[in-house]
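Report on the following structure.
Reckoned from all heavy atoms, side chains included, excluding hydrogens, waters and symmetry mates.
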Amino acid sequence: MAAARQLVLQHGYCGVSIQMIATEAGVGRQTLYRRWPSKAELVLAAFLESAGDADVLSDGRAEKRLLHFLVNVFRNLQQDGPAIRNLIASAQDDPEFLKSFRAGFVEPRAEIVATIFRDGIANGEILEDADVEMAVAAFHGAFWYHLLLGGKLDAEFAQRLTRLIMKSISKEPREEELLK
């Protein structure tokens with residue numbers, strides 16, 4: 001997996017073959033195919049391993065937990081961002097890889113954010129009728145968009161994005177309520 005990750009970081013997903021990975025790792029192609037059914041599965045496993053388990057706070061205010069999670073995602077993307085951009089682009093032309101990428105990379109992280117929001121609802125911080133699915137989509141959409149366009153993913157962007165999303169679903173008095 002280290003060889004796969006290194007080669008993809010250097011050459012991009014499309015520029016790497018199973019044979020290249022096998023040669024770099026010093027093993028036969030069949031050795032790789034016994035464990036991973038495709039290049040896509042191997043590359044995804046390599047990047048999931050490098051991403052490690054998401055660093056998620058299990059308690060505390062939803063905003064603090066969300067910011068903590070996002071800062072850690074951005075920290076990982078400082079190194080892997082260009083390769084992840086390439087993997088996202090490659091997934092658009094490879095339906096099997098897209099399916100694997102969604103299931104292994106995108107959906108688990110979306111579920112972490114949804115859990116933070118649902119916990120915030122249960123704790124009374126977030127509106128009971130908040131559209132959690134849309135909040136998760138807006139949250140991830142903003143940072144994936146920023147990543148894909150080469151924007152800077154840093155603590156400031158994490159704070160601004162977290163503040164924006166939380167303001168939209170928070171139980172804090174809204175401006176229109178204050179005007180009544």
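In the hydrophobic cluster analysis, where Ile, Leu, Val, Met, Phe, Trp and Tyr join through side-chain heavy atoms closer than 4.5 angstrom, Ile84 is grouped apart from Leu98. Ile112 and Leu57 are not part of a single hydrophobic cluster, where members link through side-chain heavy atoms under 4.5 Å apart. Hydrophobic clustering (ILVMFWY, side-chain heavy atoms < 4.5 Å, transitive): Leu164 and Val113 are in distinct clusters.
In Gln19, the CD atom is crowded: over 12 heavy atoms of neighbouring residues, nucleotides or ligands sit closer than 6.0 Å.
Under the 30°/60° scheme for interplanar angles, the aromatic rings of Phe97 and Tyr13 are found to lie parallel.
The CD atom of Gln6 sits 8.0 Å away from atom NE2 of His11, with the distance rounded to the nearest 0.5 Å. How far OG of Ser17 is from CG of Leu7: 8.5 Å, rounded to the nearest 0.5 Å. Note that CZ of Arg29 and NZ of Lys39 are 12.0 Å apart. Values are rounded to the nearest 0.5 Å. Here the straight-line distance linking atom OG of Ser170 with atom CZ of Arg163 works out to 13.0 Å at 0.5 Å rounding. Taken to the nearest 0.5 Å, the CG atom of Leu48 stands 6.5 Å off from the CZ atom of Phe105. For the atom pair CG (Leu70) and CD1 (Ile165), the distance works out to 10.0 Å, reported to the nearest 0.5 Å.
Side-chain contact between His68 and Lys64: absent, with no pair of heavy atoms (C-beta onward) separated by less than 4.5 Å. Put simply, the side chain of Val132 reaches to within 4.5 Å of the side chain of Ile121, judged on heavy atoms. The shortest side-chain heavy-atom distance between Phe139 and Leu66 falls under the 4.5 Å cut-off. The shortest side-chain heavy-atom distance between Leu42 and Arg35 does not fall under the 4.5 Å cut-off.
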Under 3.5 Å, which donor-acceptor pairs do the side chains of residues 142-159 form with other protein atoms, sequence neighbours left out?
{"residue": "His146", "atom": "NE2", "partner": "Lys152", "partner atom": "O", "Å": "3.2"}
{"residue": "Asp154", "atom": "OD1", "partner": "Glu156", "partner atom": "N", "Å": "3.3"}
{"residue": "Asp154", "atom": "OD1", "partner": "Phe157", "partner atom": "N", "Å": "2.9"}

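In terms of heavy-atom proximity, Ala62 sits nearest to Gly120 at CB-CA, 4.1 Å. Considering all non-hydrogen atoms of both residues, Gly104 and Leu44 come closest at CA-CD2, 4.4 Å.
Evaluation of the side chain to side chain donor-acceptor pair (under 3.5 Å) rule for Asp94 yields no partner, not counting sequence neighbours. Applying the side chain to side chain donor-acceptor pair (under 3.5 Å) criterion to Glu41, with sequence neighbours excluded, gives Ser100. Not a single side chain to side chain donor-acceptor pair (under 3.5 Å) links Arg85 to another residue, sequence neighbours left out.
Summarising the hydrophobic clusters (Ile, Leu, Val, Met, Phe, Trp, Tyr; side-chain heavy atoms under 4.5 Å, direct or chained), the residues clustered with Val71 are Leu67.
The list of salt bridge (Lys or Arg N to Asp or Glu O under 4.0 Å) pairs with a residue in residues 116-130, not counting sequence neighbours, reads Arg61-Glu125, Arg65-Asp119, Glu111-Arg118, Glu128-Lys171.
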